[in-house]
Amino acid sequence: MSDSHVVVLGAGLGGTIAAYEIREALKGTARVTVVNKGEDYWFVPSNPWVAVGWREPEAIRVHLPPVMQKHGIAYSSIGAAKVHPTENRVELLDGSFVDYDYLVIATGPDLAFDEIPGFGPDGHTESICHTDHAAAAHAKFEELCANPRPIVVGAAQGASCYGPAYEMAMVLDTELKRRKIRDKVPMTFVTPEPYIGHLGLDGVGDTKSMLESEMRERHIKWLTNTRVTSVEDGVLHAEEVNEDGSLKKAHDLDFGWAMLLPAFRGVPAVQGIEGLSNPRGFILTDKHQRNPTYRNIFALGVCIAIPPTGPTPLPVGVPKTGFMIESMVTAIAQNLKQIHAGEEPTHEATWNAICLADFGDGGVAFVAKPQIPPRNTNWSASGKWVHLAKIGFEKYFLRKVRKGESEPFYEKLALHVLGIKKLRFD
């Protein structure tokens, strides 16, 4: 197995950490290559701060090739055009190929802005899904502050990432208050969630009442069970539905600045491959993060298929949060180690979740063990400490990426003391 080649597809949160951890686990038994479109890692959780000017994009960027080279990891920045699982190769955007013995798919999502007319940064709304989107949103935010008008924030039907939408609304409120123009900017939160604080997880602890209370205190109106039908320049058209999905009320919301998170789907490189991805292009995996059809392919993070937590009037996806993704990374690294030792993989990720939702002057934190209910731990809390914790986590995680580390010993020790584990039965 000394000639084994492991290819990691994608270099976001999951792919970057996976490359480091797999390299460490398979040292001396396999070589590791990362295939990514571009050379930089961006700390996406800080994008709401970029959108209001609290962070410059450069502050949350890590240039990856030198870090990867230092740790003996090959790196291609060309990007993937198509995965060919029957041939064990990845076709790149320039027409060349990378062969693999094992493939770890960590691509993140394709952003489905095109599913709603006029939606997205190429239409009439802003985005914080990519850091360049957030930088463009900041320029538009400065225009809004010079000419105050209403704001609409939230998520579109089918979205599976709600925390950043809540963060964006609260951070906007905080910044507008600092500029002393909050009174001139009405704000509405639009979401397909059946209630505020659902988060795609049927709530965690008391997130429903905590987030509702925050929004009332900040004078943010909200519409739940609501789908976006189209967007024009300055007007968002939406439909609020009843519990049975029937139309309850149509809304035409005027705005001077709007940001709604889109639905996700699998990236084009993995779409339409029978046995590998589902109709939305998400990767099918078993409890070992392994594809049932192509046994030498593993997947982690936003790109994997997870069923919703339960029926809702509108499509509400399940988020894949940071620590949950890191638990998938560890399971894959240890399973690959077993395979290279001639054993069958046995490790399962806990899918535990630790989340910090920053509001600029406070925030909400929650721990869900596991993230998908029913849970062994279902805890949430709020306070100014969450904002400080988010700042600390940003600096800590960027340091990990820059140093090429996955889980320093002190992080492992702290998590052990808290009883938060990455592997089941560990």
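Sequence positions, counted from 1, serve as the residue numbers for this chain.
With hydrogens and angles disregarded, no donor-acceptor distance shorter than 3.5 Å links the side chain of N242 to the backbone of G245. Using a distance-only test at 3.5 Å, with no hydrogens or angles considered, a donor-acceptor pair links the side chain of T16 to the main chain of G12.
At least one cation-pi condition fails for K369 and F323: the charged atom is not both under 6.0 angstrom from the six-membered ring centre and inside a 45 degree cone around its axis.
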Worksheet item: How far apart are the C-alpha atoms of I128 and V50, what are their side-chain angles, what is the distance that settles it, and do they pass the side-chain contact (heavy atoms from CB on, under 4.5 Å) test?
Response: CA-CA 8 Å; I128 55 170; V50 173; over 6 Å; no

Practice prompt. Before giving the answer on salt bridge (charged side-chain N to carboxylate O under 4.0 Å, His left out), spell out for D110 and R280 the whole-Å C-alpha distance, their side-chain angles and the decisive distance to 0.1 Å.
Written response: CA-CA 10 Å; D110 186 48; R280 286 288 290 180; over 6 Å; no

Practice prompt. For side chain to side chain donor-acceptor pair (under 3.5 Å), just list the numbers for S327 and R424, CA-CA rounded to whole Å, side-chain angles, deciding distance to a tenth of an Å, and then say yes or no.
Written response: CA-CA 9 Å; S327 78; R424 296 191 71 188; over 6 Å; no

Fill in: Worked check of side chain to side chain donor-acceptor pair (under 3.5 Å) between N335 and E344
CA-CA 8 Å; N335 285 332; E344 279 295 306; over 6 Å; no

Fill in: Working for salt bridge (charged side-chain N to carboxylate O under 4.0 Å, His left out), residues K400 and E405
CA-CA 5 Å; K400 279 206 307 183; E405 296 179 328; over 6 Å; no

Worksheet item: Could you walk me through whether Y294 and L276 pass the side-chain contact (heavy atoms from CB on, under 4.5 Å) check?
Response: CA-CA 7 Å; Y294 302 101; L276 180 66; 4.2 Å; yes

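Judged by distance alone, the side chains of H251 and E240 do bring a donor and an acceptor atom under 3.5 Å apart. Side-chain contact annotation: Q338 with T346, donor-acceptor N/O pair under 3.5 Å present. Side chain to side chain, T131 and N47 meet the donor-acceptor criterion of an N or O pair below 3.5 Å. If you check the side chains of D358 and H387, you find a donor sitting under 3.5 Å from an acceptor. A donor atom on one side chain and an acceptor atom on the other are found under 3.5 Å apart for S46 and E394. Of the N and O atoms on the side chains of E21 and T330, at least one donor lies less than 3.5 Å from an acceptor on the other residue.
Screening residues 36-49 for salt bridge (charged side-chain N to carboxylate O under 4.0 Å, His left out), with sequence neighbours left out, gives D40-R61.
Under the side chain to side chain donor-acceptor pair (under 3.5 Å) rule, H5 has a single partner from T33, D99, D101, which is T33.
Taking a cutoff of 4.0 Å between a charged side-chain nitrogen and a carboxylate oxygen, E348 and R290 do not qualify as a salt bridge.
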